[in-house]
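Below: one structure, written as structure tokens.
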Number of protein chains: 2
Amino acid sequence: MNRKEIQEERMKNYFIDATKEIITGEGIKALSVRSIAEKAGYSFATLYNYFKDVKDLIFYCVQDFSQECRKYVVSRTENEERGIPKIKKIVKSYVEYMVQYPGIFDLFYVEKIATDGTSLSASDIIVKFIDELCEEELQYCIAQGTFRPGEAIEIMSNIRNSIIGILLLYMNRQHPKSYYDFVVSVNRQLDRILD
Amino acid sequence: MNRKEIQEERMKNYFIDATKEIITGEGIKALSVRSIAEKAGYSFATLYNYFKDVKDLIFYCVQDFSQECRKYVVSRTENEERGIPKIKKIVKSYVEYMVQYPGIFDLFYVEKIATDGTSLSASDIIVKFIDELCEEELQYCIAQGTFRPGEAIEIMSNIRNSIIGILLLYMNRQHPKSYYDFVVSVNRQLDRILD
DNA sequence: TTGAATAATTAACATTGTTCAGTATATTTG
DNA sequence: CAAATATACTGAACAATGTTAATTATTCAA
């Protein structure tokens with residue numbers, strides 16, 4: 001029973017790790033049941049013994065990726081001056097991470113996901129992700145009197161929506177054309193919203 | 001020569017119209033080379049005599065849809081009080097249209113498009129679309145002294161990014177859960193940005 | 001009417017996700 | 001330890017996708 005669970009967990013992780021490798025490496029367009037299985041060292045049919053379908057598998061990766069992204073953001077921001085500067089830095093780090101791994105951005109926001117039980121929680125994780133990254137610092141701002149509580153919610157909504165929108169246009173529609181212009185644009189938006 | 005062009009144009013339109021019908025009707029997931037051809041009354045292979053590939057065909061629809069959306073927005077806003085109220089109403093009408101036809105939203109922002117010559121102009125049309133809808137009214141605001149010119153650009157960027165972001169989360173991630181909450185959220189964002 | 005050009009279609013291919021029947025492996029039981 | 005059973009794994013097969021090539025049907029000029 002316990003042994004079985006350990007083994008099953010291990011097997012799942014083989015497939016999950018393979019999927020993550022492909023997403024971060026070749027990108028989501030290179031992802032297929034067969035490419036995953038090959039990288040994991042099993043037949044594509046074996047995959048279906050551990051996952052309901054490929055979407056089920058893929059959204060195990062969402063949790064892993066959000067953890068990794070969180071770590072990245074924390075490591076990049078822990079020494080930042082608290083308050084608004086830190087919120088800005090958190091968002092910028094988050095954007096950096098997403099630009100670095102477009103496959104993860106696709107997975108989080110672009111890819112269609114089934115609306116059954118499991119994937120609904122995946123949606124929840126995704127939707128609240130940026131908010132959670134900023135949560136602590138936003139509370140700090142409220143405590144400092146920088147924002148009123150109600151105001152903070154609206155500000156966070158504005159940041160979340162704007163950043164997802166600007167990322168979508170950059171990743172999917174090549175706008176702005178250059179990464180430099182994109183970064184400038186992100187900075188301006190953050191300044192406008194937060195200052 | 002001239003006759004040929006007319007006929008070719010007609011044939012293209014049969015396929016374009018079929019594609020548009022499917023997108024607005026059954027949605028983008030029902031779209032396939034075969035379903036388009038069937039609705040157009042031809043073989044799927046015939047399609048390739050008139051379009052380079054299916055993406056080429058699909059992005060003929062982008063222009064048509066943006067025109068239709070523009071008409072919708074204009075008809076819904078022509079009697080609105082000028083200035084900020086009209087900008088708000090334009091954006092809300094635009095959002096209404098996109099929610100009504102999720103396939104068009106997908107086409108505009110979500111679907112990956114090839115980055116060759118033709119589709120680059122499609123990207124341009126898409127990216128500037130909301131901005132163009134508001135352009136006239138934004139100029140009016142500047143003329144009235146409501147905004148400074150530089151400020152207007154930033155405001156428009158914020159509106160564009162936020163609206164695309166909030167639409168993406170609603171359409172692809174069911175957030176907020178209900179349409180009512182979604183509308184409330186849109187209104188709040190617009191109030192925050194414009195007031 | 002016949003010959004050449006053009007248009008349209010059928011057949012086929014390579015991928016995709018998924019299922020199922022069967023085989024190999026592991027575990028339990030006598 | 002050997003046999004029976006349960007589990008894990010696999011390849012073949014299916015349906016649907018976009019795309020191409022070869023073939024058939026049609027049109028139009030000489």
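Every chain is numbered from 1 and lettered A, B, ... according to where its sequence line falls, protein lines coming before strand lines.
Here B/Val54 lies in heavy-atom contact (under 4.0 Å) with sugar-phosphate atoms only.
Rounded to whole Å, atom P of D/dT27 lies 17 Å from atom CD1 of B/Ile6. The interatomic distance linking B/Lys55 (NZ) with D/dT17 (C1') rounds to 12 Å, in whole Å. Atom CG in B/Leu47 sits about 10 Å away from atom P in D/dG18, given to the nearest Å. Atom pair B/Arg34:CZ and C/dT10:C1' shows a separation of 11 Å (rounding to whole Å applied). A/Ile22 has its CD1 atom 15 Å from the C1' atom of C/dG17, to the nearest Å. If you take CZ of A/Arg10 and P of D/dA8, they are 14 Å apart, rounded to a whole angstrom. Distance B/Asp53 CG to C/dT15 C1': 16 Å, rounded to the nearest Å. When the P atom of C/dT16 is taken as reference, atom NZ of A/Lys29 falls 10 Å away, rounded to whole Å.
Using a 4.0 Å cut-off between a side-chain N of Lys or Arg and a carboxylate O of Asp or Glu, B/Lys39 and B/Asp17 do not qualify as a salt bridge. With respect to B/Lys29 and B/Asp106, no salt bridge is recorded, no charged nitrogen being found less than 4.0 Å from a carboxylate O.
Taken to the nearest 0.5 Å, the OH atom of A/Tyr101 stands 6.5 Å off from the OG1 atom of A/Thr24. Atom CZ of residue B/Arg10 and atom CD of residue B/Glu5 lie 13.0 Å apart, to the nearest 0.5 angstrom. The distance from the CG atom of B/Leu47 to the OH atom of B/Tyr42 is 12.0 Å, given to the nearest 0.5 Å.
With hydrogens and angles disregarded, a donor-acceptor distance shorter than 3.5 Å links the side chain of A/Arg173 to the backbone of B/Phe108.
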Can you give me the N/O atom pairs linking the protein to nucleotides 5-8 of chain C at distances under 3.5 Å, or say none if there are none?
| from | atom 1 | to | atom 2 | distance (Å) |
| --- | --- | --- | --- | --- |
| C/dA8 | OP2 | B/Tyr50 | OH | 2.4 |
| C/dA8 | N7 | B/Asn49 | ND2 | 3.3 |

Pairs under 3.5 angstrom, nitrogen or oxygen only, protein versus nucleotides 19-22 of chain C, please.
none

- request: Step by step, work out the salt bridge (Lys or Arg N to Asp or Glu O under 4.0 Å) result for A/Lys86 and A/Glu81.
  value: CA-CA 6 Å; A/Lys86 186 153 187 173; A/Glu81 180 192 348; over 6 Å; no
message: As a quick check of understanding, evaluate side chain to side chain donor-acceptor pair (under 3.5 Å) for A/Gln100 and A/Glu96, giving each step before the final call.
response: CA-CA 6 Å; A/Gln100 200 173 350; A/Glu96 272 171 28; over 6 Å; no
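Ring orientation note: the planes of B/Tyr179 and B/Tyr170 are tilted relative to one another, at an angle of 30° to 60°.
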